[in-house]
Each structure stands twice: as structure tokens, then as C-alpha cells.
Amino acid sequence: MPELPEVQVLVQSLQQVLPGRTIKKVTVCREKSVRPDSATAFAKRLKGMRFHSIERRAKYLLFNLRSPLESFQVLGHLGMTGRMFLQPKTSERPKHTALWMELDRENFIFEDTRYFGRMSSNLDALDRLGPEPLSDDFELAGFREKLKCSRQAIKVRLLATDLVVGIGNIYASEALYRSRVHPQTPANKITAVQARRLHQAIRDTLGEAIELGSGLSLDWAGKESRDGLFYFGGQKGQETDQERFRVYGREGEACVRCGGLIRRLIQAARSTFYCPRCQKIR
DNA sequence: CACCATGTTCCTTG
DNA sequence: CCAAGGAACATGGT
């Protein structure tokens with residue numbers, strides 16, 4: 001479900017419903033979904049803790065937990081297919097529930113079909129992250145400097161987490177299209193003008209997606225097979241990916257800017273979508 | 001059966 | 001040694 005905007009919207013939603021609630025019990029259904037902690041130690045450590053607040057860093061959710069005796073953070077990552085939501089205690093848990101927490105009247109569910117996601121009380125993953133794209137730490141000057149250090153195609157660079165965090169396969173194509181930069185441009189060949197446009201396009205693309213997602217009502221019961229949130233459409237009758245994305249998933253369709261045909265190519269074993277007429281190399 | 005899929009890490013290749 | 005490319009993780013949809 002997630003790239004940065006989807007995680008941000010989820011964090012905002014959880015922040016509305018979790019603070020103040022106590023974890024009565026943690027059940028780990030899939031041991032590998034708690035890494036690198038031992039699942040039993042993780043469950044034991046969380047029992048009795050209370051949610052204080054939830055934050056986001058890159059695509060990680062950070063749960064601030066407190067008790068009269070201690071306070072610590074737990075990290076969550078949704079991988080490709082993770083979802084988190086509250087469910088009435090009487091509801092049937094999803095088939096691919098990775099772990100669940102018993103709260104008061106409801107259960108907190110971490111469901112993850114492909115099990116690439118995880119939860120952990122080990123925060124080491126946060127150490128190696130680049131700047132947040134929507135914060136002041138994401139400076140144009142630094143962005144340009146880092147681009148100079150690699151000949152890798154810009155699309156592939158955007159997916160690494162050292163240049164800037166939070167951009168995934170969908171928004172990489174979208175941001176490049178907006179800034180009219182060809183996805184195969186070597187990073188060190190990006191001009192000053194292109195870098196400025198791309199820097200702005202990254203912020204605009206992610207920011208607008210968060211705004212859109214923040215306005216959708218959520219399906220907290222987790223009944224929708226698609227998603228309780230807004231990735232790939234959210235609720236029926238709402239805006240779907242077909243309206244949200246300008247190039248992603250639109251191979252063969254007409255570019256809304258120039259009418260040319262959107263093309264798909266493979267970079268680092270993943271699809272990239274772009275308009276060959278709008279996005280020229282150099 | 002084929003191919004595709006929102007993320008990240010690790011191993012191999014050149 | 002380094003950068004870049006690709007496989008792996010696991011499950012499902014079309």
C-alpha cells in the first residue's frame with residue numbers, strides 16, 4: 001500500500017485513534033514480521049504499554065509508547081502490501097494478519113499479504129536515511145551536490161534512500177514527468193535547471209498526494225479488499241489511481257500535456273512510465 | 001503457464 | 001575497492 005504519502009495519511013489517521021490506548025496483549029502470527037527482534041521478546045516488551053503518539057520518518061511509522069516505568073519507540077514498515085487498522089474484537093481477522101494487538105474494545109491489526117513489512121523495537125534502520133522531502137532538510141543545494149556523485153539513471157537514484165527518502169516506484173515516475181526530466185538521464189548530467197524543477201516536483205507530487213489522501217474518509221473496519229486507506233483508489237466512488245496518476249500505469253495512453261503516447265521501460269527490474277515527447281534527455 | 005505488482009537488503013558482476 | 005545490476009523475500013491478480 002505505501003509510499004510516503006500513503007504512510008503519512010495512515011500515521012495521521014492512527015494519531016487520531018491510538019493515543020491513550022493501552023496494549024493488553026500482542027500476538028505475532030508471522031514470526032518473520034518482527035525483525036530483527038525475537039517475536040516473543042517483542043510481544044512481552046509491548047504488553048502493558050500505552051500509545052502516546054505516532055510519527056513518520058521516510059516510509060517508517062514510529063510508535064511512541066509509554067508506561068509509568070519507561071518509554072520507547074517501536075518502528076513499523078508496510079513493505080509492499082502492509083496495512084494497519086482497528087477492528088472490532090468480534091470481527092474475523094484477515095488471512096494474512098502478521099500480528100495484532102488487543103486494545104480495549106478493539107484490536108489493532110497489522111496485515112501484510114506478501115510479508116515484506118515488519119515491526120521492530122530496533123531503530124537502527126533510521127540511521128542511514130537521507131533528508132525528508134517535505135522538510136527544510138531537503139535543500140536544493142545538497143540535492144544537486146549528491147546528484148553529481150553518480151552516473152546512475154535518475155529514476156533509479158530517486159528510489160535509493162540516501163538522496164531523499166519516501167519516493168517509491170510510482171511517485172518517481174510522477175515526479176520525473178512533472179519536471180520533464182527523462183528517467184534515463186544519468187544523475188550527474190542533470191542540469192541546474194532540471195534539478196530545481198525536479199526538487200520542486202518531488203515536493204509538489206508528494207504534498208498533493210498527502211492532501212488528497214487526507215481528504216478521504218477511511219474504512220476502519222478493514223473490510224474493503226482493496227485497502228482501508230487510499231492507495232489505489234480507497235473507497236468506491238472516490239478518486240482512483242486512474243485519476244491520481246498522470247503517467248504511472250498509463251502505457252499506451254495519451255500524455256495529458258502533449259498528446260504523445262506514454263511509454264514503459266524497465267530500470268533496475270522495475271517499470272518506469274514516461275512521456276518521450278515531454279521528457280527528453282538534456 | 002506467463003507476466004505483473006506500492007520496498008528494501010544482500011549478493012554478484014564488471 | 002567501488003558502482004551498478006539483479007535476485008531474493010512471499011503471495012496474489014490478470
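Chain letters run A, B, ... following the sequence lines, proteins first, then strands; residues in each count from 1.
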Encode nucleotides 8-14 of chain C as B, S and - characters from 5' to 3', where the letter depends on protein heavy atoms closer than 4.0 Å: B to the base, S only to sugar-phosphate, - to neither. -BBBS--
Interatomic distance where CZ belongs to A/F245 and P belongs to B/dT6 [whole Å]: 11 Å
For residues A/Q73 and A/S121, is any side-chain donor paired with an opposing acceptor at under 3.5 Å? no
For A/R128, report the nucleic acid contact type (base, sugar-phosphate, nothing); a contact means any heavy atom under 4.0 Å. sugar-phosphate
Please confirm whether the shortest side-chain N or O distance from A/Y248 to OP1 or OP2 of B/dT6 is below 4.0 Å. yes
When the C1' atoms of B/dT8 and C/dG13 are compared, how many Å lie between them, rounded to an integer? 23 Å
Between B/dC3 and C/dA7, how far apart are the P atoms? Round to whole Å, please. 13 Å
Considering just the side-chain nitrogens and oxygens of A/S271, establish if one lies under 4.0 Å of OP1 or OP2 belonging to B/dC4. no
May I ask you to say whether A/R178 pairs ionically with A/E208, meaning some side-chain N is under 4.0 Å from a carboxylate O? yes
When the distance from OH of A/Y171 to C1' of B/dG7 is rounded to whole Å, what number comes out? 15 Å
Should the pair A/R180 and A/Y274 be classed as cation-pi, given the thresholds of under 6.0 Å to the six-membered ring centre and 45° from the axis? no
Heavy atoms under 4.0 Å, any strand shown: does A/R264 hit a base, just sugar-phosphate, or nothing? sugar-phosphate
Tell me what A/S150 touches on the nucleic acid: a base, only sugar-phosphate, or nothing, going by heavy atoms under 4.0 Å. sugar-phosphate
With nearest nucleotide decided by heavy atoms, which residue, A/G168 or A/I266, maps closer to the 5′ end of DNA chain B? A/I266
When rounded to the nearest Å, what value does the distance between P atoms of B/dA2 and C/dA8 take? 16 Å
Identify whether NZ of Lys or CZ of Arg in A/R45 sits under 6.0 Å from the centre of the six-membered ring of A/F72 and within 45° of that ring's axis. yes
Considering only the P atoms, how many Å lie between B/dT6 and C/dT14, rounded to the nearest integer? 15 Å
Distance check needed: B/dT8 P versus A/L126 CG, whole Å only. 12 Å
Using a cut-off of less than 4.0 Å, is there contact between a side-chain N or O of A/K59 and OP1 or OP2 of B/dT6? no
Between A/M80 and A/R118, which residue's closest nucleotide on DNA chain B lies nearer the 5′ terminus? A/M80
Start with the C-alpha gap between A/F138 and A/F143, add the side-chain angles, then the distance that decides, and say whether ring pair (Phe, Tyr, Trp, His ring centres under 6.0 Å) holds. CA-CA 7 Å; A/F138 185 41; A/F143 182 62; 5.3 Å; yes
Measure from CD on A/Q267 to P on C/dA3 and round the result to the nearest Å. 19 Å
When both distances are under 3.5 Å in a Watson-Crick or G-U wobble arrangement, the nucleotide paired with B/dT6 is none
Check whether any side-chain N or O of A/H77 sits under 4.0 Å from OP1 or OP2 of B/dT8, and answer yes or no. yes
Separation of C/dG5 atom P from A/Q152 atom CD, nearest Å, is 6 Å
I'd like to know if the side chain of A/T97 pairs up with that of A/E111 as donor and acceptor (distance under 3.5 Å, no hydrogens or angles considered). no
From CD1 of A/I167 over to C1' of B/dG7, roughly how many Å is that when rounded to an integer? 14 Å
For A/Q184 and C/dA4, give me the distance from atom CD to atom C1', rounded to whole Å. 15 Å
Between P on C/dA3 and CG on A/N188, what's the gap in Å once rounded to a whole number? 13 Å
Derivation and outcome, side-chain hydrogen bond (donor to acceptor under 3.5 Å, both in side chains), residues A/T205 and A/E174: CA-CA 7 Å; A/T205 304; A/E174 294 295 312; over 6 Å; no
What are the two closest heavy atoms between A/G207 and A/L134, and how far apart are they? N-CD2, 4.3 Å
